[in-house]
Q: 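Below is one structure. I have some questions about it.
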Amino acid sequence: MEERSFAAKVLAWFDRNGRKDLPWQQSPEPYSVWVSEIMLQQTQVAAVIPYYQRFMELFPDIQALAVAPIDAVLAAWSGLGYYARARNLHRAAEIIARQEGFPDTLEAWMKLPGIGRSTAGAILSIAYSTSHPILDGNVKRVLSRFYAVHGWPGKSHVARELWHLSAECTPQERVADYTQAIMDLGATVCRRSKPLCQICPLNEECRARRENRIAELPGRKAGRPLPAKQCVFLLLQDDPGKRILLERRPPRGIWGGLWSFPEYRDIDAALSWCQENAVPVHRHQTLTSRRHTFSHYHLDYTPVLVHTENPKHFVMESGGAVWYKVETIAKLGVPTPVRQLLQTLSCDEDNND
DNA sequence: AAATCGGGGGG
DNA sequence: CCCCCAGATTT
């Protein structure tokens with residue numbers, strides 16, 4: 001019941017708004033549908049169009065592709081990426097040419113290299129009008145949102161659930177249009193970011209939308225949680241000259257060789273350092289902690305702003321530290337968090353002056 | 001800088 | 001079953 005209205009709504013949307021003039025939609029023959037579906041794996045429509053047109057000129061039918069040298073096929077593929085697709089396409093063409101005509105069952109298509117369940121389903125439903133579900137990235141997105149299926153689709157139990165839903169939603173009638181429609185809807189309306197829910201034909205019953213969970217669906221791959229490290233940055237400011245102390249970081253490690261604030265384990269360590277180095281702490285203020293993420297860990301840093309009166313007593317190690325005027329630091333090689341903090345500082349000064 | 005995308009292949 | 005990869009593009 002609900003499934004019927006699902007397909008009916010998707011088809012009605014397709015009739016009014018779907019793309020029906022794409023090059024491979026002009027005549028639904030197995031060869032052109034197959035070539036286009038392989039190209040559309042992992043690749044967006046706009047990128048595929050010129051490649052598809054050139055490919056069909058060079059290899060207009062299965063025989064032409066089967067007898068072509070692999071180098072010619074790869075040359076035609078050059079720039080599309082995932083070149084295993086081209087090699088599989090060519091191998092499959094040789095196999096098909098040896099047989100009598102194209103396969104006409106799901107199982108037979110799936111035996112060919114480069115064709116899995118989803119691509120086989122697309123070819124059969126579009127070129128043969130036999131009802132088979134598909135589950136490409138677009139359909140995963142539409143279904144996981146519409147039914148609020150949580151979890152990363154790469155997990156087998158999530159994929160099973162989505163395949164089940166896709167099969168339920170796939171109609172017997174007009175299956176070729178439906179397959180194009182659901183992919184088109186996912187690509188143009190139910191987009192990964194900034195989906196156009198206002199104009200979506202499924203918006204009223206979409207569970208993700210009703211529950212305000214569009215952004216979290218489909219679930220992402222559980223990236224290994226990065227470890228978090230904590231530190232304190234000492235923002236030492238001399239009130240008379242409005243200068244900030246920067247240190248050059250060691251050549252190895254994060255921000256190697258860049259200029260940064262002196263770094264400590266915690267606030268006590270920072271303040272002790274001031275005391276031990278005869279830096280009179282006029283007043284100090286702990287700012288809100290922030291997070292900076294590296295490829296391998298998060299750095300949660302707490303800026304401690306210390307105003308000091310007379311930095312003349314402080315002797316810097318040779319070349320290791322330097323006082324900079326906040327305005328001139330912008331030109332210096334400093335890491336992003338340092339640049340951001342300096343910006344905050346100068347803004348606050350503007351406000352306070 | 002990170003996420004994405006369907007199928008193949010290896011542990 | 002689970003994880004990783006290819007590669008160019010998008011955010």
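Letters A, B, ... mirror the listed sequences (proteins, then strands); counts begin at 1.
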Q: Please determine which of Lys9(A), Arg174(A), Lys20(A) meets the salt bridge (Lys or Arg N to Asp or Glu O under 4.0 Å) test together with Asp15(A).
A: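 When Lys9(A), Arg174(A), Lys20(A) are each tested with Asp15(A), the salt bridge (Lys or Arg N to Asp or Glu O under 4.0 Å) holds only for Arg174(A).
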Q: Measure from CG on Leu40(A) to C1' on dG7(B) and round the result to the nearest Å.
A: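 Those two atoms, CG and C1', are 15 Å apart.
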Q: Kindly say whether the aromatic ring centers of Tyr264(A) and Phe233(A) come within a distance under 6.0 Å.
A: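 Ring centres of Phe233(A) and Tyr264(A) not closer than 6.0 Å.
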Q: Figure out the CZ/C1' separation between Arg117(A) and dG8(B), and round it to whole Å.
A: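 Answer to the nearest Å: 17 Å.
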Q: Describe the nucleic acid contact of Arg191(A) in one word from base, sugar-phosphate, nothing, applying a heavy-atom distance below 4.0 Å.
A: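 Since no nucleic acid heavy atom lies under 4.0 Å of Arg191(A), the category is nothing.
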Q: Atom CD of Gln44(A) and atom P of dT4(B): how far apart are they, to the nearest Å?
A: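 Checked: the CD to P distance equals 13 Å.
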Q: Rounding to the closest angstrom, what is the interatomic distance between dA6(C) and dG11(B) at atom P?
A: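 Result for the P pair: 15 Å, nearest Å.
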Q: OP1 or OP2 of dT9(C) sitting under 4.0 Å from any side-chain N/O of Thr43(A)?
A: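 No, Thr43(A) has no side-chain N/O under 4.0 Å of OP1/OP2 on dT9(C).
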Q: Provide, to the nearest angstrom, the distance between the CG atom belonging to Leu106(A) and the P atom belonging to dG7(B).
A: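 Going from CG in Leu106(A) over to P in dG7(B) covers 11 Å.
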Q: OP1, OP2 of dT10(C) versus side-chain N and O of Ser193(A): anything below 4.0 Å?
A: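 So the side-chain polar atoms of Ser193(A) never come under 4.0 Å of the phosphate oxygens OP1 or OP2 of dT10(C).
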Q: Hey, does the side chain of Arg160(A) come within less than 4.0 Å of dC1(C)'s phosphate (OP1/OP2), counting only N and O?
A: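 It does, given that an N or O in the side chain of Arg160(A) lies less than 4.0 Å from OP1 or OP2 of dC1(C).
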Q: Can you tell me how far P of dG8(B) sits from NZ of Lys111(A), to the nearest Å?
A: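 Whole-Å distance recorded here is 14 Å.
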Q: Indicate, with yes or no, if the rings of Tyr52(A) and Trp24(A) have centres closer together than 6.0 Å.
A: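 Centroid separation for Tyr52(A) and Trp24(A): below 6.0 Å.
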Q: Within the structure, does a side-chain N or O atom of Lys155(A) lie under 4.0 Å from either OP1 or OP2 of dC3(C)?
A: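 Looking at the OP1 and OP2 atoms of dC3(C), one of them is under 4.0 Å from a side-chain N or O of Lys155(A).
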Q: Go nucleotide by nucleotide along DNA chain C from the 5' end; which of Arg192(A) and Tyr83(A) gets its closest nucleotide reached first?
A: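 In this pair, the answer is Tyr83(A).
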Q: May I have the distance from Trp152(A) (atom CH2) to dC1(C) (atom C1'), rounded to whole angstrom?
A: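 Trp152(A) atom CH2 is separated from dC1(C) atom C1' by 13 Å.
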Q: Looking for any heavy atom pair under 4.0 Å, which part of the strands does Lys194(A) touch: base, sugar-phosphate only, or nothing?
A: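 Touches nothing.
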Q: When you check the gap from the basic side-chain N to the acidic O, do Glu216(A) and Arg213(A) get nearer than 4.0 Å?
A: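 Salt bridge present between Glu216(A) and Arg213(A).
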Q: Give Arg87(A) one of three labels, base, sugar-phosphate or nothing, depending on what nucleic acid heavy atoms sit under 4.0 Å from its own.
A: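 It contacts nothing in the nucleic acid.
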Q: Within this structure, what is the CZ-to-P distance between Arg141(A) and dT10(C), rounded to whole angstrom?
A: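 These atoms are roughly 14 Å apart.
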Q: Hey, can you tell me if Tyr128(A) and Trp109(A) have their rings parallel, tilted or perpendicular (30° and 60° cut-offs)?
A: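 Tyr128(A) vs Trp109(A) ring planes: perpendicular.
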Q: Report the residue (Gln42(A) or His157(A)) whose heavy-atom-nearest nucleotide on DNA chain C is the more 5′ of the two.
A: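 Looking at the nearest nucleotide for each, His157(A) comes out on the 5' side.
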Q: To the nearest Å, give me how far apart CZ (Arg91(A)) and C1' (dG7(B)) are.
A: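 Spelled out: CZ on Arg91(A) to C1' on dG7(B) is 12 Å.
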Q: Report which part of the nucleic acid Gly154(A) touches: base, sugar-phosphate, or nothing (heavy-atom distance under 4.0 Å, all strands).
A: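 No contact at all - Gly154(A) keeps every heavy atom at 4.0 Å or more from the nucleic acid.
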